[in-house]
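Source: prediction; values computed, not measured.
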Amino acid sequence: MLSFPPIAPPGLAGGKAKDKGKPESPEAPAFTLVEAWGAGSERQAIIRSGAGDRLVRVGDPIPPGVITAIGGGAVTYRDPHGQTHTID
């Protein structure tokens with residue numbers, strides 16, 4: 001009789017559960033969007049991290065990159081590698 005190792009159920013990687021609430025790398029802090037308002041170039045948002053709340057506008061630097069867009073329900077930033085990420 002053949003013996004195979006058990007297959008991990010969906011949502012588990014290598015036997016460990018993925019935590020979607022934590023940042024992918026240790027140097028990238030986790031952010032959440034508190035509020036966004038304004039129109040056009042006057043658009044601004046408040047984002048929350050472990051360091052506290054922060055008011056941001058498009059073009060502002062944040063530890064993992066630069067704010068590139070602010071929408072009604074999300075803030076987008078570009079990291080040093082050119083990848084975009086969304087804070088919502």
Side-chain angles (χ1 to χ4, degrees):
M1 180 185 255
L2 296 174
S3 176
F4 294 101
I7 297 174
L12 294 178
K16 295 183 180 178
K18 290 183 180 179
D19 187 354
K20 294 181 181 178
K22 292 189 177 180
E24 294 177 13
S25 63
E27 65 273 355
F31 289 99
T32 56
L33 177 64
V34 175
E35 184 177 1
W37 68 92
S41 64
E42 299 297 319
R43 196 96 173 125
Q44 26 189 351
I46 297 175
I47 57 174
R48 178 171 291 146
S49 72
D53 292 358
R54 179 171 173 188
L55 176 68
V56 294
R57 294 181 180 95
V58 173
D60 286 353
I62 58 173
V66 176
I67 302 292
T68 56
I70 299 174
V75 173
T76 304
Y77 70 91
R78 184 180 313 113
D79 68 19
H81 304 289
Q83 297 177 329
T84 58
H85 305 271
T86 302
I87 302 168
D88 51 5

What is the minimum heavy-atom distance between [X] and [Y], and which atoms define it?
| X | Y | value |
| --- | --- | --- |
| Thr68 | Val58 | O-CG1, 3.6 Å |
| Leu33 | Ala74 | CD2-N, 3.6 Å |
| Ala36 | Gly71 | CB-O, 3.5 Å |

Keeping to residues at least two apart or across chains, list the salt bridge (Lys or Arg N to Asp or Glu O under 4.0 Å) pairs with something in residues 75-88. none
Which Ile, Leu, Val, Met, Phe, Trp or Tyr residues join Ile46 in one cluster when any pair of side-chain heavy atoms under 4.5 Å counts as a link? Val34, Trp37, Leu55
Got a sec, which residues hit salt bridge (Lys or Arg N to Asp or Glu O under 4.0 Å) with Arg48, two or more places apart in sequence or on another chain? Asp53
Just jot down the side-chain contact (heavy atoms from CB on, under 4.5 Å) partners of Ala69, sequence neighbours excluded, or say none. Thr76
For Glu42, the side-chain contact (heavy atoms from CB on, under 4.5 Å) test, sequence neighbours excluded, returns none
If you look only at distance, which donor and acceptor atoms sit under 3.5 Å apart when one is on a side chain in residues 59-67 and the other is two or more places apart or in another chain?
from	atom 1	to	atom 2	distance (Å)
Asp60	OD2	Arg57	N	2.8

